[in-house]
There are 2 protein chains.
Amino acid sequence: MTKPTPDPRHTLTLRDVSEASGVSEMTVSRVLRNRGDVSAPTRERVLEAARALGYVPNKIAGALASQRVNLVGVVIPSLSNMVFPEVMTGISETLDGTGLQPVVGVTNYLPDREESVIYEMLSWRPSGMIIAGLEHSTAARTMLARAGIPIVEIMDIDGDPINHAVGISHRRAGRQMAEEIIAAGYRKIAFLGTQMPNDFRAKKRLEGFEEALSRAGLTLVDREYYSGGSALLKGREMTAAVLNRTPDVDFLYYSNDMIGAGGLLYCLAQGIDVPGRVGLAGFNGVELLDGLPRKLATMDACRLEIGRKAARLIADAPPASQVEELFPTLQPGDTIRH
Amino acid sequence: MTKPTPDPRHTLTLRDVSEASGVSEMTVSRVLRNRGDVSAPTRERVLEAARALGYVPNKIAGALASQRVNLVGVVIPSLSNMVFPEVMTGISETLDGTGLQPVVGVTNYLPDREESVIYEMLSWRPSGMIIAGLEHSTAARTMLARAGIPIVEIMDIDGDPINHAVGISHRRAGRQMAEEIIAAGYRKIAFLGTQMPNDFRAKKRLEGFEEALSRAGLTLVDREYYSGGSALLKGREMTAAVLNRTPDVDFLYYSNDMIGAGGLLYCLAQGIDVPGRVGLAGFNGVELLDGLPRKLATMDACRLEIGRKAARLIADAPPASQVEELFPTLQPGDTIRH
DNA sequence: TTGAAAGCGCTAACAC
DNA sequence: GTGTTAGCGCTTTCAA
């Protein structure tokens, strides 16, 4: 029978466990970290005392003393667009064996916010940082470069990494999709996308897309932007707008699958022949949409793999900077004719 | 002209800023925290020195010394189901003015994982914890109860909170939906949901639902469970299965909107009269789906408001435990006849 | 295998 | 307005 747990008004320290078990603080510390050799009986007594007291170690003190923090900062623009949760899965999965823990910060695509999130995170001296994108404020870049820890910029490789980078070429992805569409015989192509000046990756995809069009002697016949609201709904609305304004359009290229899905549902509801009369394509390869009546053409962004490789880089901390390019596969689905 | 930044091989400390600015560490600390009175010129010199050096404070040391950590732990089961991102938005929004920062941990609906996430978080001595659900391991409850910080259990109020709770009654939500369905004249009702033993809230909704059915002398005519995969696709498949197996079913109650949407798309594609031949309802009120051809009946789970109120409780830290019940509104949409 | 001393980088509390 | 001292709760290092 152990005595009832003592007054929980003060947070427990190693000292409390030490006194309760009659073993020095140092030995208690060793037991709790599975460090060094501790005799089995001592170890038992310590563990029992710690458990009975409900001791939770103070990582702040531990980190200060050991100069070691098992945290990895992850800075992403948004949680709500289906793409980052999957990246997080890859990161967690890979970090799981390593003793490292991801800590997420969200920037909402705001550079100022990104800067302050990075600053806050660095002030906890994490073991590494994973950050979406290659575009950051000068101050942010400087902080990261000086932090003396592995930095991995993810999603995109079209640019100049601070340290490591893992991602795809969005420029090339846009180009590839344009080539596929042109090869399928579409000629009156419109773009429908988000109005986010700081979504650099969407911007690069569009650049690549237009580049390929222009190489084929084509230009976009229409474009439509949106911001906020339900993506599915916006997809419908934008699609309606474009089809009305430019009746002879024969392809709609969406900046993401979600608005593409809205467009697809709209076309089907209107009885528009897809992909005969108009073709459609999105971007991301979100599994979420697999249940649609027709499979939207898209490119998967290798999200899981990006998360995994980024985490690997943090865990392994190779001395030399690395850039890992992944290659998305184009999934023609049922909305591009062939 | 300032000299080029010095050797960045060691991480900078207050001492470096102190030396660079010719001001005591203590004063530097004051300036950097906007604390106490510091003369304007001194403040300027310090800030300039800090900026020039690229100093990032060490919060570990600061937290240890001040016994204060501006972090709020947020423990949620999943990032990928649309419901928690919105809760996070509410939390961030509310915490923004307070100097507190949310730190997210994900459990994947695994109790063991939840326990370890909680342990890890508490070991950083956060200012408060927000945790989804009221069901936790005994060890987890004990740790939380003893942490001496505000604890807010969110989403659900059908149970016994550790400290504060903010959420809805899922039992009642299920009951309400059943009553609505029965009032609309449906009698052959099936349930389609996730196979997750640890999704206690879905379970409670179903309990409430069946309770109301039974009060009306009804029982479920069929049920179908799934796990993993694309929710939209699963929704289609499960719906097909139920309609085949139980042809006279006249209502499908889904445990979430996403599979409900899959079911809706399936029914429409099959030319099934919705809501005449079969009615449909989901749960969550995800705005995401607003673009569907028909609006799915659902109940919104007050996610944003839950996040806000939970964060408020942490920030205000009222001495007495509080339970805040929110009341979801039933949105009949177009898939329940009237 | 165990213990004692020193100190991680900062801030509270108090002097000046 | 600014500086000094002590110490937060651990771990490192070294001694026993």
Side-chain angles (χ1 to χ4, degrees), chain A residues 10-47 49-50 53-71 99 119-120 122-127 147-148, chain B residues 10-47 49-50 53-71 99 119-120 122-127 147-148:
Chain A
H10 92 87
T11 318
L12 298 165
T13 68
L14 265 192
R15 169 178 215 93
D16 297 300
V17 182
S18 162
E19 283 170 358
S21 62
V23 173
S24 79
E25 287 187 39
M26 198 51 238
T27 300
V28 173
S29 167
R30 286 191 183 105
V31 172
L32 265 23
R33 285 176 299 145
N34 302 311
R35 260 282 203 304
D37 298 310
V38 180
S39 70
T42 312
R43 142 176 254 89
E44 275 317 305
R45 275 166 59 204
V46 170
L47 254 21
L53 292 171
Y55 172 71
V56 176
N58 185 328
K59 289 225 181 196
I60 298 172
L64 184 60
S66 66
Q67 305 283 71
R68 226 189 308 282
V69 178
N70 70 337
L71 264 24
Y119 184 80
E120 289 294 318
L122 286 179
S123 72
W124 287 100
R125 302 291 188 264
S127 294
Chain B
H10 91 88
T11 318
L12 298 165
T13 69
L14 264 193
R15 173 180 211 88
D16 296 301
V17 182
S18 163
E19 284 170 0
S21 62
V23 173
S24 79
E25 287 185 38
M26 196 54 232
T27 301
V28 173
S29 167
R30 286 192 182 102
V31 172
L32 264 23
R33 287 177 299 145
N34 302 311
R35 261 281 203 306
D37 299 309
V38 181
S39 71
T42 312
R43 142 178 255 88
E44 275 317 304
R45 274 167 58 206
V46 169
L47 287 175
L53 292 171
Y55 173 70
V56 176
N58 186 329
K59 289 226 181 191
I60 298 172
L64 183 60
S66 67
Q67 306 283 66
R68 223 189 312 282
V69 177
N70 70 335
L71 264 24
Y119 183 80
E120 289 293 319
L122 286 179
S123 72
W124 286 99
R125 301 291 187 264
S127 294

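Bear in mind that the values here come from a model prediction, so they are computed numbers and not experimental data. We name chains A, B, ... by the order of the sequence lines, and we start the count at 1 in each one.
The nearest heavy atom of DNA chain D to A:Ala61 and to B:Val23 marks one nucleotide each, and the one closer to the 5' end goes with B:Val23. Comparing A:Ala65 and B:Thr42 by the nucleotide of DNA chain D that holds the closest heavy atom to each, the one mapping nearer the 5' end is B:Thr42.
Proximity note for A:Ser39 (side chain, C-beta onward) versus C:dT2, D:dG3, C:dC8: the nearest is C:dT2. The side chain of B:Ser66 lies closest to C:dT11 when the candidates are D:dG9, C:dT2, C:dT11. If you check C:dA12, D:dT2, C:dC10 against the side chain of B:Arg35, the one that comes closest is C:dA12. The listed nucleotides are C:dT1, C:dT2, C:dA12; the one nearest the side chain of B:Arg33 is C:dA12. You'll find that the side chain of B:Ser24 is closest to D:dG3, out of C:dC10, D:dG3, D:dG9. The side chain of A:Leu64 lies closest to C:dC8, out of C:dC8, C:dT1, D:dT2.
Contact annotation: A:Gln67 reaches the phosphate of C:dG9 (side-chain N/O to OP1 or OP2, under 4.0 Å). Using a 4.0 Å cut-off, no side-chain N or O of A:Ser29 falls inside it from OP1 or OP2 of D:dC10. A close approach under 4.0 Å does not occur between any side-chain nitrogen or oxygen of B:Arg68 and OP1 or OP2 of D:dC8. For the pair B:Tyr55 and C:dC10, the criterion of a side-chain N or O lying under 4.0 Å from OP1 or OP2 is met. In this structure, B:Thr27 reaches the D:dG3 phosphate: one of its side-chain N or O atoms is under 4.0 Å from OP1 or OP2.
A distance of 11.5 Å separates OG1 in A:Thr42 from CG in A:Asp37, rounded to the nearest 0.5 Å. Atoms CD and CG, from B:Gln67 and A:Asn58 in turn, are 7.5 Å apart once rounded to the nearest 0.5 Å. To the nearest 0.5 Å, the span separating CG on B:Leu64 from CZ on B:Arg125 amounts to 10.5 Å. A distance of 12.5 Å separates OH of B:Tyr55 from CG of B:Leu47, quoted to the nearest 0.5 Å. Here the OG atom belonging to B:Ser24 is positioned 7.0 Å from the CZ atom belonging to B:Arg30, to the nearest 0.5 angstrom. A distance of 6.5 Å separates CG of B:Leu14 from CG of B:Leu32, quoted to the nearest 0.5 Å.
A straight line from CD1 of B:Ile60 to C1' of C:dG7 spans 15 Å, rounded to a whole angstrom. Rounded to whole Å, atom C1' of D:dT11 lies 16 Å from atom CZ of A:Arg15. Taking atom CG of B:Leu12 as the reference point, atom C1' of C:dC8 lies 16 Å away to the nearest angstrom. Counting to the nearest Å, the P atom of C:dT1 and the CZ atom of A:Arg45 are 16 Å from each other. If you take CG of A:Leu14 and P of D:dT12, they are 12 Å apart, rounded to a whole angstrom. Atom-to-atom, CH2 of B:Trp124 to P of D:dC10 comes out at 13 Å; the value is rounded to the nearest Å. What separates CG of B:Leu32 from P of C:dG9 is a distance of 16 Å, to the nearest Å. Across the protein-nucleic acid pair, A:Arg43 atom CZ and C:dT1 atom P stand 11 Å apart, rounded to whole Å.
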At a cut-off of 3.5 Å, list every protein nitrogen or oxygen paired with a nitrogen or oxygen from nucleotides 13-16 of chain D, distance to 0.1 Å.
none

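Within 6.0 Å of CZ in B:Arg15 there are 12 or fewer heavy atoms belonging to other residues, nucleotides or ligands.
Note on the helix from C:dT1-D:dA16 to C:dC16-D:dG1: angle between the axes of the first and last five pairs equals 30°, rounded to 10 degrees.
B:Asn58 comes within contact range of the sugar-phosphate backbone alone, with a heavy-atom separation under 4.0 Å but no base atom that close.
A distance-only check finds a donor-acceptor pair linking the side chain of B:Ser127 to the backbone of B:Val69 [under 3.5 Å].
Residues B:Leu12 and B:Leu53 share a closest heavy-atom pair of CD1-O, 3.2 Å. The shortest heavy-atom contact between B:Ser18 and B:Val28 is CA-CG2, 3.8 Å.
Partners of A:Ala49 by side-chain contact (heavy atoms from CB on, under 4.5 Å), not counting sequence neighbours, listed by chain and number: A:Val17, A:Ala20, A:Ser21.
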